[in-house]
Structure formats: structure tokens, C-alpha cells
Amino acid sequence: MYKIKTLNNIAEEGLNLFNDKFEIVDDADANGILLRSYKMHDMELPDNLEAIGRAGAGVNNIPIDRCSEKGIVVFNTPGANANAVKELVMAGLLLASRDITGAIDWAKTLKGKGEEVAKLVEAGKSNFVGPEIKGKTLGVIGLGAIGVLVANAAKGLGMQVLGYDPFISVESAWELNHNIQKSDSLDELFMKSDYITIHVPLMDATKGMINEEKINLMKDGVRLLNFSRAGLCNDADLEKALESGKVARYITDFPYDKVLNMKNVVCIPHLGASTPESEVNCAVMAVSEVKDYIENGNITNSVNYPECNMGVCNNAGRIAVNHKNIPYMVSNITTALASKNINIIDMINKSKKDWAYTLIDVESKITDEIVDGLKEIEGIVKVRVLK
Ligand SMILES: NC(=O)C1=CN([C@@H]2O[C@H](COP(=O)(O)OP(=O)(O)OC[C@H]3O[C@@H](n4cnc5c(N)ncnc54)[C@H](O)[C@@H]3O)[C@@H](O)[C@H]2O)C=CC1
Ligand SMILES: O=C(O)C(=O)COP(=O)(O)O
């Protein structure tokens, strides 16, 4: 029986896809982990752990390098929650423009004023005037699953849209409305935009990408939206810019104590992906990926190991080997099998950056002795017998 542990609530529609070879446990020694934003960095990674399924996009809560070194394949669910985030970003654009939250808070103070309320509303409303978004320029940083949807939707609302993504995928480029302009540099986007929205992953290269130097390039009174991760903005620099009015408003889905105390900030409690639709989409995708990997060795949407698919095994045996992407691995693996008289029927070897994966179907049963022999090969970090 394969054991699956959940570190966050995972929608039933996903969990129900596990067959009777799987059980959901609260056991430290699971074969698979499913999670959303749970921070795994301080967790031990048990030797039995084979797969981690992030029901969502961002994987900065998972110790990817440690996982790779232990042969643990980390999956995410690209695009599965993108529409939910896009819809909240659209609300964010309006929250950035019109002082809707301030106005709602003020309206609540009128409770109990009886017949005066209508008069007070008309007298007080001018304190909450804000510009329309139509005709303004929105800069979208990162044109992946979310950025593309945001760019297209903003175009539909009459905005001019500038996009920046030096690593844009062919698929995203196809999806992008042809009226969206390409920004050749991030600095150009900062200089031209009235509104800026960030849709990149948090990683070393993007940490603190919104900082004093970049804010100085922006238009006075720019409105910033961050539905990606808190760490993308340098908070001391952001606070200074909000104080001076250089940044007129900051809308974020990632509150923390310091930002909650800054002026002209609207904090949403990480609700981007919190819709029933995206919770189901993410759970279904994450469970399908983890299940197919644990049962069949196939890899779809992994962030640390390559794509690999040999379907369901119809041969006598199947063995999966996670290893470093270094010379002689394939020859060492096949020699080890040949030395035990094992004939290979089918095989895939693929790599992703420093890590590689070899999936092999063989003509006869795989013994413990064969597995032990493979484990001794320098560079191999995990060997699994799937059949
Ligand atoms: N608020 C929420 O609940 C949610 C937040 N997110 C956050 O949004 C981020 C983006 O999500 P998706 O669009 O689904 O991911 P994605 O992987 O589809 O898109 C990310 C895009 O950023 C681009 N990129 C990477 N580095 C860049 C750089 N230095 N400059 C410009 N572009 C760069 C990539 O080429 C890619 O096209 C996630 O990593 C996550 O942190 C995602 C889902 C929900
Ligand atoms: O998918 C992401 O990156 C998100 O930020 C969504 O996080 P959540 O699944 O709502 O905890």
C-alpha cells in the first residue's frame, strides 16, 4: 500500500482519484506528500518519500535542492489556479484605483445616523475619488499562466498593456492578445506604466526585484499589485515610496506585520487561489501527477526532474532510476542490468539541469540484488522497482 500524507487541505475531488493501492495517512514515512502553501523547509525528508505534489503554482515553500538530491520528484499544477488569480487581480486593479476599501470603512461609520445617512454620503464621497483604468497603461511582469490572462483581461477593460517576460513560453506567446505590447526591458516597463502587476515566481533572481532603484524609474503615483509573493518587493524601499506618494497604492495578496502597517496598502489574505474551482483543479492535477509517478514512474509537470512517459507497464518489470546528469550514467545502468542477464525492452533517459531520470522496462523480474547493484553506482540517488 502506498502512503500519502497531506500537509494542507486538499480537495476531495482530487483525493478520490487515488485507488485502493493508496491510503491517506498521518505518517512521517509517506511515499507521497500533497500540500499547498505549507512551508516544508524545516521538515525532514524521509527515505521512503518519492513524490511531492504542490496543488498550486509557487514552489518556494519546498526545499527543491534537497528533494533533488534525495531523488524526490516535486510536481506543481501549472495554470490550474490561474483564472482564480486573474479574477482577483482584476479586483485588485479597481482597489488600486478607487479607494473602495477606505470608502467602505467610512460608510460603516455612518451606521445609526438615521435619515442623515444619504446626506452624509453625498457630502463625504469626494474624499474617495479615484481614476478610471480605461486608457491607462498596465505593465505585466511575467507572462506565464496568470500574467497572460491578466494582460488579456486588462486589454478587454480598455487598458494599454505592456508585457515583459524574457523567458516567455511558446504556449503563452500564442495565448497573448496580439495588441499587447512587448517591453524590451524591465526598466522600460517601469518607466511607462501607470499600474504594475507582478506575476513571476519568487527565486534568487527575482527576490527584491521591486526596490528603490526600480521604484525611482516609475511614474509618480504608480499603483503596484503583488499577487505573486511578498519577497519580490523590498519592504523598506516600498514603505519609503508609499510614504512619499511615489507609489500611490500597493495591493498585495501577501500580508505580513510590516506591510499591514504601511499607508495606502490594501492587504488581501492570500486569497488568489481560494475558489472552489481552482482548489478542485489543483487537487485533481496534483493527485494525478503523484499517482502516475508512484504507480508507473511517469513524470508530468515536475519542477526538478524531466518529463517522462512510458504509459502503464505491460512488460515483466519496470525500474525507475533518479540520478545526477553526468556522463556514463546510461552505460553504467545498462551494464549493471546486462551483467545480471536482464534484457531491456524499452527505456527513456531524460535530464533537467543537474538531474536526470531513467525509466526501463525489462523482460524478467527485478531482484533485490539488482536494485542493490544499481544503488552502488556513483550518481544514482534513488532506485524504485515499479513492477
Ligand atoms: N496569490 C496566489 O494565490 C497565487 C500566486 N501565485 C504566484 O504567481 C506566480 C506566477 O504563477 P503562474 O503564472 O501560474 O506561473 P508561470 O510559471 O506560468 O509563470 C511565471 C512566468 O514568469 C516568467 N519569469 C520568470 N522569471 C522572470 C523574470 N525575471 N522577469 C520576467 N518574467 C519572468 C516565466 O518565464 C513565466 O512565464 C507563482 O510563482 C506564484 O508565486 C500563483 C498562484 C496563486
Ligand atoms: O499556487 C500558488 O502559488 C499560490 O500562491 C496559491 O497558494 P494556496 O494553494 O492558496 O496556498
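We count ligands from 1, going down the list as the structure has it; atoms in each ligand are counted the same way.
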Check each atom of ligand 1 against the heavy atoms of [X] and keep those under 4.0 Å away; list them by number with element.
X	result
His270	1 (N), 2 (C), 3 (O)
Thr206	29 (N)
Gly272	1 (N), 2 (C), 3 (O)
Tyr164	30 (N), 31 (C)

[X], portion touching ligand 1 at heavy-atom distance under 4.0 Å:
X	value
Ile146	both
Met209	neither
Leu271	neither
His199	backbone

Identify, for [atom], the protein heavy atom at the shortest distance, and state residue, atom and that distance.
atom	value
atom 43 (C) of ligand 1	Asn81 OD1, 3.4 Å
atom 41 (O) of ligand 1	Ser228 O, 3.2 Å
atom 33 (C) of ligand 1	Val200 CG1, 3.4 Å
atom 44 (C) of ligand 1	Val85 CG2, 3.3 Å
atom 36 (C) of ligand 1	Asp165 OD2, 3.4 Å
atom 39 (O) of ligand 1	Pro201 CA, 3.3 Å
atom 15 (O) of ligand 1	Ala145 N, 4.5 Å

Kindly confirm or rule out an N or O of [X] lying under 3.5 angstrom from an N or O of ligand 1.
X	answer
Ile141	no
Ala57	no
Phe227	yes

Show the short N or O contacts, below 3.5 Å, that ligand 2 makes with protein N or O atoms; if there are none, say 'none'.
{"unit_1": "ligand 2", "atom_1": "1 (O)", "unit_2": "Ala57", "atom_2": "N", "d": "2.7"}
{"unit_1": "ligand 2", "atom_1": "1 (O)", "unit_2": "Asn81", "atom_2": "ND2", "d": "2.9"}
{"unit_1": "ligand 2", "atom_1": "3 (O)", "unit_2": "Gly58", "atom_2": "N", "d": "2.7"}
{"unit_1": "ligand 2", "atom_1": "3 (O)", "unit_2": "Arg229", "atom_2": "NH2", "d": "2.8"}
{"unit_1": "ligand 2", "atom_1": "5 (O)", "unit_2": "Arg229", "atom_2": "NH1", "d": "2.9"}
{"unit_1": "ligand 2", "atom_1": "5 (O)", "unit_2": "Arg229", "atom_2": "NH2", "d": "3.2"}
{"unit_1": "ligand 2", "atom_1": "5 (O)", "unit_2": "His270", "atom_2": "NE2", "d": "2.8"}
{"unit_1": "ligand 2", "atom_1": "7 (O)", "unit_2": "Ser37", "atom_2": "OG", "d": "3.3"}
{"unit_1": "ligand 2", "atom_1": "7 (O)", "unit_2": "Arg54", "atom_2": "NH2", "d": "3.2"}
{"unit_1": "ligand 2", "atom_1": "7 (O)", "unit_2": "His270", "atom_2": "NE2", "d": "3.3"}
{"unit_1": "ligand 2", "atom_1": "9 (O)", "unit_2": "Arg36", "atom_2": "NE", "d": "2.7"}
{"unit_1": "ligand 2", "atom_1": "9 (O)", "unit_2": "Arg36", "atom_2": "NH2", "d": "3.4"}
{"unit_1": "ligand 2", "atom_1": "9 (O)", "unit_2": "Arg54", "atom_2": "NH1", "d": "3.0"}
{"unit_1": "ligand 2", "atom_1": "10 (O)", "unit_2": "Arg36", "atom_2": "NH2", "d": "2.8"}
{"unit_1": "ligand 2", "atom_1": "11 (O)", "unit_2": "Ser37", "atom_2": "OG", "d": "2.5"}

Counting neighbours of NZ on Lys113 that are heavy atoms of other residues, nucleotides or ligands and sit closer than 6.0 Å, is the number greater than 12?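 At most 12 heavy atoms, drawn from other residues, nucleotides or ligands, come within 6.0 Å of this atom.
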Taking salt bridge (charged side-chain N to carboxylate O under 4.0 Å, His left out) as the cut-off, I'd like each qualifying pair that reaches into residues 167-180, sequence neighbours left out, listed once.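 Output for this query is empty, none listed.
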Yes or no, since that's all I need: does a protein heavy atom fall within a distance strictly under 4.0 Å of atom 17 (O) of ligand 1?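 It does not: no protein heavy atom is found less than 4.0 Å away from atom 17 (O) of ligand 1.
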Main-chain N/O of Val161 paired to Gln181 side chain as donor or acceptor, under 3.5 Å: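 No.
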